[in-house]
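Counting convention: from 1, in listed order, for ligands and their atoms alike. Count residues from 1 along the sequence. It should be emphasised that the depicted structure is a prediction, and the values quoted were computed from it without experimental measurement.
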Amino acid sequence: MAAEPLSNGAAYQSVPESYVLPGDKRPGSSPSSAAAIPVVDLGGDDPDRIVKQIMGAGREFGFFQVINHGVPGQVMGEMMSSAEEFFGLPTEEKMVLYSTDSKKLPRFHTSIGNDQEKLLYWRDCLKLGCYPLEQFRHQWPQKPARLRAALEAYTTAVRAVALRLLRLTAAGLGLDEGHFEGELTAGPVIMNVNHYVPCPEPSLTMGLAPHCDPNVVTVLADNGVRGLQARQRGSGGGWVDVEPLPGALVVNFGHQMEVVSNGALRGGEHRVVTNARAARTSLATFVMPAMGCAVAAAPGMVPDGEAPRYRAFTYQEFMGAYTAAIGDRDAVLARFQNKD
Ligand code: OGA
Ligand code: NI
């Protein structure tokens, strides 16, 4: 049975049964950490400093925030307010785009959005194809009226930031700066416009379960309402709040960065907890490989005489395993691990 979207104008007084997670899956069942996600200033003229900071954050969290990234505040603001306006539309107008077919674009759905799920997550999502613009522009929602122009400006600018970050990351790994250009980033750019309505009992449920994005890099903006948490690497493995920073973009590496860097950088595991007071809206922009892309550790990343940590695969093959494992970070990676 397809689930009803949460953004229907209702103010929830209690958490409906289908959203109540078993104890071991609730937010409080794993430790939190007081560490902070690094903030990298992309301004100035010291690329070495920027590269060093990205590498440090990439090793420990696979997560960082960037400021002075060059995306105009007005472009970010227009995109965020059109997104919030979308979720405020009357339910019937959003339902025009509703589907439980995960291949459909654009699509409005709730939770993960398939017909099989029994336990639901506390989020609604508008998933959009964004780039190349010519491929997707004509299918963008008609309402709200300013969404199309906002998407065009935002997608173009944020993709450029992502590609710049990938050049800096490649340099930090000692690779050719263009290593991630070409097939590794030739897939469509997809955006999850996520919306988490206020939840009366955040300890019982979750906006999104722990996962690592399957792609190369994700760039996220939020409306200033907290909820996103990143997992710190290492024995503690605690959850760290990603503090909303006005005007910043949150960057997280996906699984493919971990594979290409042969484990030097981490695909950032994250989850979203719900908020009792305010609605969180986030824009997650995914830069991905082409489906047919052959993904493998970059030659320079594997020590002489050793096998790469992960065997080579096509992105399509990886996505099959990712969907089957419903995003469980270690289960997905284990499918591609070299044993020796
Ligand atoms: C996602 C995601 C985080 C957020 O869409 O994959 O992790 O804060 N979103 O909404
Ligand atoms: Ni994610």
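Taking the six-membered ring for Trp and the full ring otherwise, the centers of Tyr19 and Tyr121 sit at least 6.0 Å from each other. Aromatic rings from Phe253 and Phe63 are positioned such that their centres are separated by 6.0 Å or more.
In summary, of the residues considered (His270, Arg329, Glu269), a side chain to side chain donor-acceptor pair (under 3.5 Å) with His211 occurs for His270 alone. The one candidate from Asn192, Leu283, Leu97 that meets the side-chain contact (heavy atoms from CB on, under 4.5 Å) condition with Leu126 is Leu97. Each of Leu165, Ile50, Val39 was compared with Val66 under the side-chain contact (heavy atoms from CB on, under 4.5 Å) criterion, and only Leu165 meets it.
At a heavy-atom cutoff of 4.0 Å, ligand 1 is contacted by the side chain of Asp213 but not by its backbone. Neither the backbone nor the side chain of Asp222 comes within contact range of ligand 1; no heavy atom lies under 4.0 Å.
Of the options His270, Arg280, His195, the smallest heavy-atom separation from atom 7 (O) of ligand 1 is shown by His270.
Contact analysis leaves Arg271 out of contact with ligand 1, as no non-hydrogen atom separation drops below 4.0 angstrom.
Near Ala284, the atoms of ligand 1 lying under 4.0 angstrom from a non-hydrogen atom of the residue are 5 (O). Within ligand 1, counting atoms from 1 as listed, the ones closer than 4.0 Å to a heavy atom of Ser282 are 4 (C), 8 (O), 10 (O). Close approach to Leu208 involves these atoms of ligand 1, each under 4.0 Å from a residue heavy atom: 1 (C), 2 (C), 7 (O), 9 (N).
Between the Ni ion (ligand 2) and Cys212 there is no N/O/S contact shorter than 2.8 Å.
For the Ni ion (ligand 2), the nearest N, O or S atom contributed by Asp213 is named OD1.
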(request) Show the numbers, then the answer: is there a side-chain contact (heavy atoms from CB on, under 4.5 Å) between Arg26 and Leu21? (result) CA-CA 6 Å; Arg26 292 183 190 172; Leu21 294 171; 4.1 Å; yes
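Between Glu60 and Arg266 there is no salt bridge, since no side-chain N of the basic residue sits under 4.0 Å from a carboxylate O of the acidic one.
Regarding atom 9 (N) of ligand 1, its nearest protein heavy-atom neighbour is Asn194 ND2, 3.4 Å.
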